[in-house]
J.: 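The structure follows.
Note that ligands are numbered from 1 as they come in the structure, with each ligand's atoms numbered from 1 the same way.
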Amino acid sequence: MRVNLEQAIAKLKRGEVVAIPTETVYGLAADASNENALQQIYAIKERPANNPLIVHIATKAQVGDWAAEFSPLAQKLAHAFWPGAFTLVLPAKPEVLKIVRAGESTVALRIPEHAMTQQVLKESGLGLAAPSANKSTQLSPTTASHVAHGLGEHVPVLDGGACKIGIESTIVAVEGDEWRLLRLGMIGEAAIALVAGKPANKNKQATPRAPGQHLLHYSPITPIKLFDSKSDLIDFATTHKGCVALMIGDGEIASGKTFNLPNNPHTLAEKLYDTLHQMDALNAALLLIEAPPNQTEWLAIKDRLSRASHKTL
Ligand code: TXA
Ligand code: MG
(Lines give C-alpha, C1' and ligand atoms only; values in the text may rest on other atoms or scores of the structure.)
(Ligands and ions follow the chains in the order given, each with its own letter.)
Protein backbone atom coordinates (compact mmCIF):
# COMPACT_ATOMS: atom_id res chain seq x y z
CA MET A 1 0.00 0.00 0.00
CA ARG A 2 1.52 3.37 -1.02
CA VAL A 3 1.44 6.16 1.55
CA ASN A 4 2.44 9.81 1.21
CA LEU A 5 4.90 11.67 3.40
CA GLU A 6 2.34 12.93 5.94
CA GLN A 7 0.74 9.48 6.26
CA ALA A 8 4.15 7.84 6.66
CA ILE A 9 5.16 10.24 9.44
CA ALA A 10 1.80 9.86 11.23
CA LYS A 11 2.05 6.07 11.11
CA LEU A 12 5.63 6.04 12.40
CA LYS A 13 4.66 8.33 15.30
CA ARG A 14 1.77 5.99 16.15
CA GLY A 15 4.19 3.06 16.42
CA GLU A 16 3.39 1.52 13.03
CA VAL A 17 5.84 0.15 10.49
CA VAL A 18 6.46 1.94 7.14
CA ALA A 19 8.89 1.04 4.37
CA ILE A 20 10.92 4.13 3.49
CA PRO A 21 13.39 4.90 0.69
CA THR A 22 17.06 5.58 1.39
CA GLU A 23 19.94 6.12 -1.04
CA THR A 24 21.20 2.55 -0.44
CA VAL A 25 18.13 0.25 -0.27
CA TYR A 26 14.56 0.61 1.06
CA GLY A 27 14.28 0.17 4.83
CA LEU A 28 11.42 -1.20 6.92
CA ALA A 29 11.21 1.61 9.46
CA ALA A 30 9.76 1.92 12.94
CA ASP A 31 10.25 4.13 16.01
CA ALA A 32 13.49 2.84 17.56
CA SER A 33 12.24 3.64 21.06
CA ASN A 34 8.96 1.71 20.73
CA GLU A 35 9.28 -1.98 21.61
CA ASN A 36 5.96 -3.00 20.00
CA ALA A 37 6.81 -1.23 16.77
CA LEU A 38 10.19 -2.99 16.66
CA GLN A 39 8.59 -6.38 17.24
CA GLN A 40 6.56 -5.82 14.05
CA ILE A 41 9.79 -5.34 12.06
CA TYR A 42 11.16 -8.69 13.23
CA ALA A 43 7.80 -10.39 12.56
CA ILE A 44 7.31 -8.98 9.04
CA LYS A 45 10.91 -9.72 8.02
CA GLU A 46 10.98 -13.11 9.78
CA ARG A 47 14.28 -11.86 11.11
CA PRO A 48 16.16 -13.85 13.77
CA ALA A 49 16.05 -12.09 17.15
CA ASN A 50 19.87 -12.09 17.37
CA ASN A 51 20.28 -9.72 14.40
CA PRO A 52 20.36 -6.07 15.53
CA LEU A 53 18.90 -3.06 13.70
CA ILE A 54 20.46 0.16 12.36
CA VAL A 55 19.00 3.33 13.90
CA HIS A 56 18.64 6.15 11.35
CA ILE A 57 18.94 9.69 12.67
CA ALA A 58 18.69 13.18 11.15
CA THR A 59 21.71 14.93 12.62
CA LYS A 60 24.99 14.30 14.44
CA ALA A 61 23.52 16.05 17.47
CA GLN A 62 21.30 12.96 17.94
CA VAL A 63 24.26 10.54 18.26
CA GLY A 64 24.37 11.27 21.99
CA ASP A 65 20.77 10.01 22.38
CA TRP A 66 21.94 6.51 21.42
CA ALA A 67 25.69 6.15 21.85
CA ALA A 68 27.58 6.20 25.15
CA GLU A 69 30.79 7.21 23.37
CA PHE A 70 31.37 9.33 20.25
CA SER A 71 35.17 9.25 20.15
CA PRO A 72 37.25 11.73 18.11
CA LEU A 73 37.86 8.95 15.54
CA ALA A 74 34.13 8.21 15.25
CA GLN A 75 33.43 11.94 14.89
CA LYS A 76 36.02 12.23 12.12
CA LEU A 77 34.39 9.37 10.19
CA ALA A 78 30.90 10.77 10.78
CA HIS A 79 32.04 14.16 9.53
CA ALA A 80 33.54 12.64 6.35
CA PHE A 81 30.82 10.13 5.44
CA TRP A 82 27.50 11.44 6.85
CA PRO A 83 24.99 11.91 5.46
CA GLY A 84 25.60 8.83 3.35
CA ALA A 85 25.90 5.09 2.87
CA PHE A 86 27.90 4.67 6.06
CA THR A 87 26.91 3.10 9.40
CA LEU A 88 28.81 3.52 12.66
CA VAL A 89 28.58 0.86 15.37
CA LEU A 90 29.30 2.59 18.69
CA PRO A 91 29.06 1.63 22.37
CA ALA A 92 25.34 1.94 23.24
CA LYS A 93 23.73 3.88 26.06
CA PRO A 94 22.24 1.36 28.46
CA GLU A 95 18.73 2.71 27.87
CA VAL A 96 18.76 1.80 24.14
CA LEU A 97 16.17 -0.98 23.88
CA LYS A 98 17.67 -4.49 23.84
CA ILE A 99 15.51 -5.39 20.84
CA VAL A 100 17.29 -2.69 18.76
CA ARG A 101 20.76 -3.99 19.52
CA ALA A 102 19.70 -7.64 19.85
CA GLY A 103 21.36 -7.78 23.24
CA GLU A 104 24.73 -6.41 22.00
CA SER A 105 26.46 -3.63 23.97
CA THR A 106 26.67 -1.50 20.82
CA VAL A 107 24.24 0.41 18.62
CA ALA A 108 24.43 0.98 14.85
CA LEU A 109 23.73 4.54 13.63
CA ARG A 110 23.36 6.07 10.17
CA ILE A 111 22.41 9.49 8.79
CA PRO A 112 20.98 8.77 5.34
CA GLU A 113 21.34 11.23 2.48
CA HIS A 114 18.04 10.65 0.62
CA ALA A 115 16.04 13.91 0.76
CA MET A 116 12.72 12.19 1.52
CA THR A 117 14.24 10.08 4.29
CA GLN A 118 15.77 13.21 5.80
CA GLN A 119 12.33 14.82 5.77
CA VAL A 120 10.75 11.83 7.53
CA LEU A 121 13.49 11.86 10.17
CA LYS A 122 13.37 15.62 10.74
CA GLU A 123 9.59 16.00 10.78
CA SER A 124 8.94 12.93 12.94
CA GLY A 125 11.79 13.77 15.32
CA LEU A 126 12.26 10.01 15.77
CA GLY A 127 15.24 7.71 15.55
CA LEU A 128 14.08 5.11 13.05
CA ALA A 129 15.23 1.52 13.21
CA ALA A 130 15.24 0.29 9.61
CA PRO A 131 16.65 -2.97 8.30
CA SER A 132 16.38 -3.58 4.57
CA ALA A 133 12.69 -4.00 3.64
CA ASN A 134 12.87 -7.63 2.53
CA LYS A 135 12.29 -11.03 4.13
CA SER A 136 15.41 -12.21 5.98
CA THR A 137 18.12 -13.59 3.61
CA GLN A 138 16.22 -12.47 0.47
CA LEU A 139 17.22 -9.78 -2.03
CA SER A 140 17.13 -6.21 -0.73
CA PRO A 141 14.63 -3.85 -2.40
CA THR A 142 15.73 -0.80 -4.38
CA THR A 143 12.25 0.29 -5.53
CA ALA A 144 8.83 0.59 -3.88
CA SER A 145 7.52 -2.26 -6.06
CA HIS A 146 10.31 -4.57 -4.88
CA VAL A 147 9.07 -3.94 -1.32
CA ALA A 148 5.45 -4.72 -2.24
CA HIS A 149 6.54 -7.84 -4.10
CA GLY A 150 8.75 -9.10 -1.28
CA LEU A 151 6.72 -8.20 1.81
CA GLY A 152 3.15 -8.00 0.46
CA GLU A 153 0.82 -5.18 -0.58
CA HIS A 154 -0.43 -4.66 2.99
CA VAL A 155 2.92 -3.14 4.10
CA PRO A 156 2.80 0.68 3.78
CA VAL A 157 5.50 2.03 1.43
CA LEU A 158 6.67 5.60 0.92
CA ASP A 159 7.79 5.76 -2.71
CA GLY A 160 10.99 7.77 -3.10
CA GLY A 161 12.04 6.40 -6.49
CA ALA A 162 14.87 3.99 -7.26
CA CYS A 163 17.80 3.95 -4.81
CA LYS A 164 20.91 5.65 -6.22
CA ILE A 165 23.63 3.64 -4.44
CA GLY A 166 21.82 0.32 -4.77
CA ILE A 167 23.59 -1.84 -2.17
CA GLU A 168 23.62 -1.62 1.62
CA SER A 169 25.80 0.80 3.60
CA THR A 170 29.37 0.16 4.72
CA ILE A 171 29.37 -0.73 8.44
CA VAL A 172 32.29 0.29 10.66
CA ALA A 173 32.61 -0.37 14.40
CA VAL A 174 34.56 2.22 16.39
CA GLU A 175 35.75 1.79 19.93
CA GLY A 176 38.03 4.53 21.19
CA ASP A 177 40.71 5.02 18.54
CA GLU A 178 40.28 1.64 16.82
CA TRP A 179 38.04 0.87 13.87
CA ARG A 180 36.91 -2.38 12.25
CA LEU A 181 35.06 -3.08 9.04
CA LEU A 182 31.90 -5.14 9.67
CA ARG A 183 30.26 -4.93 6.22
CA LEU A 184 31.59 -3.63 2.94
CA GLY A 185 29.59 -1.12 0.93
CA MET A 186 30.42 1.34 -1.82
CA ILE A 187 32.50 3.41 0.63
CA GLY A 188 35.66 1.30 0.57
CA GLU A 189 38.24 0.39 3.19
CA ALA A 190 40.94 2.61 1.69
CA ALA A 191 38.74 5.73 1.84
CA ILE A 192 37.95 5.02 5.50
CA ALA A 193 41.61 4.38 6.39
CA LEU A 194 42.54 7.67 4.76
CA VAL A 195 40.08 9.62 6.92
CA ALA A 196 40.89 7.58 10.04
CA GLY A 197 44.61 8.11 9.49
CA LYS A 198 45.21 4.44 10.29
CA PRO A 199 44.33 1.00 8.96
CA ALA A 200 41.46 -1.13 10.28
CA ASN A 201 42.09 -3.33 13.30
CA LYS A 202 41.95 -6.84 11.86
CA ASN A 203 42.54 -8.70 15.08
CA LYS A 204 39.84 -11.40 14.87
CA GLN A 205 39.39 -11.72 18.63
CA ALA A 206 38.78 -8.01 18.97
CA THR A 207 36.21 -7.97 16.18
CA PRO A 208 32.68 -7.58 17.48
CA ARG A 209 30.14 -9.98 16.09
CA ALA A 210 28.21 -8.77 13.04
CA PRO A 211 25.31 -11.10 13.60
CA GLY A 212 23.55 -10.43 10.29
CA GLN A 213 26.38 -11.57 8.06
CA HIS A 214 24.93 -14.94 7.09
CA LEU A 215 26.71 -16.64 4.27
CA LEU A 216 23.44 -17.03 2.40
CA HIS A 217 22.08 -13.52 2.05
CA TYR A 218 20.92 -11.03 -0.56
CA SER A 219 19.64 -14.07 -2.37
CA PRO A 220 17.06 -14.53 -5.13
CA ILE A 221 14.89 -17.67 -5.04
CA THR A 222 16.54 -18.99 -8.24
CA PRO A 223 19.97 -20.55 -7.60
CA ILE A 224 23.02 -18.63 -8.82
CA LYS A 225 26.27 -19.85 -10.35
CA LEU A 226 29.18 -17.40 -10.52
CA PHE A 227 31.81 -17.50 -13.29
CA ASP A 228 35.25 -15.92 -13.21
CA SER A 229 35.39 -15.66 -16.98
CA LYS A 230 32.89 -14.70 -19.68
CA SER A 231 33.88 -17.61 -21.90
CA ASP A 232 33.32 -20.17 -19.11
CA LEU A 233 29.85 -18.73 -18.58
CA ILE A 234 29.03 -18.87 -22.30
CA ASP A 235 30.38 -22.45 -22.58
CA PHE A 236 28.31 -23.58 -19.59
CA ALA A 237 25.16 -22.10 -21.16
CA THR A 238 25.63 -24.08 -24.38
CA THR A 239 25.25 -27.35 -22.46
CA HIS A 240 22.71 -26.20 -19.84
CA LYS A 241 19.37 -24.97 -21.17
CA GLY A 242 16.87 -22.80 -19.31
CA CYS A 243 19.45 -20.44 -17.82
CA VAL A 244 19.44 -16.64 -17.65
CA ALA A 245 22.73 -14.71 -17.67
CA LEU A 246 24.10 -11.50 -16.17
CA MET A 247 27.26 -10.19 -17.84
CA ILE A 248 29.43 -7.18 -17.13
CA GLY A 249 29.78 -5.09 -20.28
CA ASP A 250 29.26 -7.02 -23.52
CA GLY A 251 28.44 -10.64 -24.16
CA GLU A 252 25.45 -12.92 -24.45
CA ILE A 253 24.43 -16.55 -24.19
CA ALA A 254 22.81 -18.25 -27.17
CA SER A 255 20.29 -20.32 -25.24
CA GLY A 256 18.55 -17.74 -23.01
CA LYS A 257 18.05 -14.11 -22.04
CA THR A 258 21.16 -12.09 -21.11
CA PHE A 259 21.18 -8.98 -18.93
CA ASN A 260 24.16 -6.65 -19.42
CA LEU A 261 25.31 -4.23 -16.74
CA PRO A 262 27.88 -1.44 -17.13
CA ASN A 263 31.54 -2.14 -16.44
CA ASN A 264 31.63 0.41 -13.61
CA PRO A 265 31.13 -0.59 -9.97
CA HIS A 266 28.94 2.41 -9.06
CA THR A 267 26.54 2.21 -11.97
CA LEU A 268 26.45 -1.58 -11.70
CA ALA A 269 25.64 -1.43 -7.96
CA GLU A 270 22.76 0.96 -8.67
CA LYS A 271 21.15 -1.55 -11.04
CA LEU A 272 22.29 -4.83 -9.43
CA TYR A 273 19.34 -5.77 -7.18
CA ASP A 274 16.75 -4.57 -9.70
CA THR A 275 18.37 -6.77 -12.33
CA LEU A 276 18.47 -9.75 -9.95
CA HIS A 277 14.78 -9.14 -9.12
CA GLN A 278 13.99 -9.17 -12.87
CA MET A 279 16.07 -12.30 -13.47
CA ASP A 280 14.40 -14.05 -10.54
CA ALA A 281 10.94 -13.33 -12.01
CA LEU A 282 11.77 -15.36 -15.14
CA ASN A 283 11.61 -18.68 -13.27
CA ALA A 284 14.85 -19.88 -14.86
CA ALA A 285 16.60 -23.06 -13.72
CA LEU A 286 19.79 -21.19 -12.86
CA LEU A 287 21.12 -17.62 -12.95
CA LEU A 288 24.59 -17.50 -14.54
CA ILE A 289 26.50 -14.47 -13.29
CA GLU A 290 29.85 -13.10 -14.40
CA ALA A 291 31.91 -12.33 -11.28
CA PRO A 292 33.35 -8.80 -11.09
CA PRO A 293 37.10 -8.18 -11.51
CA ASN A 294 39.45 -8.63 -8.54
CA GLN A 295 39.92 -4.94 -7.85
CA THR A 296 39.15 -3.19 -4.59
CA GLU A 297 36.37 -0.99 -6.02
CA TRP A 298 34.40 -4.16 -6.87
CA LEU A 299 34.78 -5.82 -3.45
CA ALA A 300 31.34 -4.88 -2.06
CA ILE A 301 29.62 -6.22 -5.19
CA LYS A 302 31.69 -9.40 -5.05
CA ASP A 303 30.68 -9.81 -1.41
CA ARG A 304 26.94 -9.54 -2.22
CA LEU A 305 27.17 -11.90 -5.21
CA SER A 306 29.17 -14.54 -3.39
CA ARG A 307 26.69 -14.49 -0.48
CA ALA A 308 23.76 -14.67 -2.92
CA SER A 309 25.31 -17.64 -4.73
CA HIS A 310 26.41 -19.59 -1.69
CA LYS A 311 23.75 -22.27 -1.95
CA THR A 312 24.90 -23.46 -5.36
CA LEU A 313 28.66 -23.26 -4.95
O1 TXA B 1 22.12 0.60 3.79
C2 TXA B 1 21.73 0.07 4.84
O3 TXA B 1 22.47 -0.12 5.82
C4 TXA B 1 20.25 -0.34 4.90
C5 TXA B 1 19.38 0.93 4.86
C6 TXA B 1 17.91 0.64 5.03
O7 TXA B 1 19.84 1.83 5.81
N8 TXA B 1 19.98 -1.13 6.07
C9 TXA B 1 20.41 -2.40 6.21
O10 TXA B 1 19.95 -3.00 7.37
O11 TXA B 1 21.10 -2.97 5.40
P12 TXA B 1 20.05 -4.56 7.63
O13 TXA B 1 19.34 -4.77 8.93
O14 TXA B 1 19.54 -5.29 6.48
O15 TXA B 1 21.56 -4.79 7.86
C16 TXA B 1 22.17 -4.22 9.00
C17 TXA B 1 23.37 -4.99 9.41
C18 TXA B 1 23.06 -6.39 9.90
O19 TXA B 1 24.01 -7.28 9.34
C20 TXA B 1 23.24 -6.27 11.40
O21 TXA B 1 23.67 -7.47 11.98
C22 TXA B 1 24.29 -5.20 11.51
O23 TXA B 1 23.95 -4.29 10.51
N24 TXA B 1 24.20 -4.50 12.80
C25 TXA B 1 23.22 -3.73 13.27
N26 TXA B 1 23.47 -3.32 14.54
C27 TXA B 1 24.66 -3.85 14.87
C28 TXA B 1 25.47 -3.82 16.05
N29 TXA B 1 25.10 -3.16 17.13
N30 TXA B 1 26.64 -4.51 16.03
C31 TXA B 1 27.04 -5.18 14.93
N32 TXA B 1 26.31 -5.27 13.79
C33 TXA B 1 25.15 -4.62 13.76
MG1 MG C 1 19.35 -6.71 5.05
J.: If the cut-off is 4.0 Å to any non-hydrogen atom of Asn51, which atoms of ligand 1 fall inside it?
T.: 18 (C), 20 (C), 21 (O)

J.: Any idea which part of Arg47 is under 4.0 Å from ligand 1, heavy-atom wise: side chain, backbone, both or neither?
T.: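 Within the 4.0 Å criterion, Arg47 contacts ligand 1 through side-chain atoms alone.
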
J.: Under 6.0 Å from the CG atom of Asp232, do we count more than 12 heavy atoms belonging to anything else shown?
T.: yes

J.: Measure from atom 15 (O) of ligand 1 to every heavy atom in Met186, Arg183, Glu168, Arg101 and give the option owning the shortest one.
T.: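 The option holding the nearest heavy atom is Arg183.
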
J.: Please work out whether the ring planes of His277 and His146 are parallel, tilted or perpendicular, with thresholds of 30° and 60°.
T.: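 Judged by the thresholds at 30° and 60°, the geometry between His277 and His146 is parallel.
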
J.: By number and element, which atoms of ligand 1 are closer than 4.0 Å to a non-hydrogen atom of Leu182?
T.: 31 (C)

J.: With a cut-off of 2.8 Å, does Ser136 put an N/O/S atom close enough to the Mg ion (ligand 2)?
T.: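 For Ser136, the answer is no, given that no N, O or S atom comes within less than 2.8 Å of the Mg ion (ligand 2).
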
J.: Any heavy-atom pair between the side chains of Thr24 and Cys163 that's under 4.5 Å?
T.: no

J.: Give me the ring orientation class for Trp82 and Phe86: parallel if the planes are under 30° apart, tilted from 30 to 60°, perpendicular past 60°.
T.: perpendicular

J.: Any nitrogen or oxygen of Tyr26, main chain or side chain, under 3.5 Å from a nitrogen or oxygen of ligand 1?
T.: no

J.: Please confirm whether Lys230 makes a cation-pi placement over Phe227, using NZ or CZ under 6.0 Å from the six-membered ring centre and within 45° of the ring normal.
T.: no

J.: Check this for me - ligand 1, Ser169, N or O atoms closer than 3.5 angstrom, yes or no?
T.: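 N/O-N/O distance below 3.5 Å exists for this pair.
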
J.: Taking heavy atoms and a distance under 4.0 Å, where does Leu53 meet ligand 1: side chain, backbone, both or neither?
T.: backbone

J.: Ion pair present between Glu168 and Arg110, side-chain N to carboxylate O less than 4.0 angstrom?
T.: no

J.: Out of Ser105, Gly84, Ser132, who is nearest to atom 9 (C) of ligand 1 when you count heavy atoms only?
T.: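 Heavy atom nearest to atom 9 (C) of ligand 1 belongs to Ser132.
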
J.: Heavy-atom contacts with Thr24 under 4.0 Å: which atoms of ligand 1 show up? List them by number with element.
T.: 1 (O), 2 (C), 4 (C), 5 (C)

J.: Please check if the number of heavy atoms outside Lys164 that lie under 6.0 Å from its NZ is greater than 12.
T.: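 No - once you tally the heavy atoms of other residues, nucleotides and ligands closer than 6.0 Å, there are 12 at most.
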
J.: Heavy atoms only: which of Gly166, Ala108, Ala92 lies closest to atom 26 (N) of ligand 1?
T.: Ala108

J.: Would you call Lys135 and Glu46 a salt bridge, taking side-chain N to carboxylate O under 4.0 Å as the test?
T.: yes

J.: Please confirm whether Ala130 approaches ligand 1 to less than 4.0 Å, judged on its heavy atoms.
T.: yes

J.: Closer than 4.0 Å to some heavy atom of Thr106 - which atoms of ligand 1 meet that?
T.: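 Going through ligand 1 atom by atom, the ones under 4.0 Å from Thr106 are 28 (C), 29 (N), 30 (N).
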
J.: Could you tell me whether the side chain of Asp65 reaches within less than 4.5 Å of the side chain of Lys93, counting heavy atoms only?
T.: no

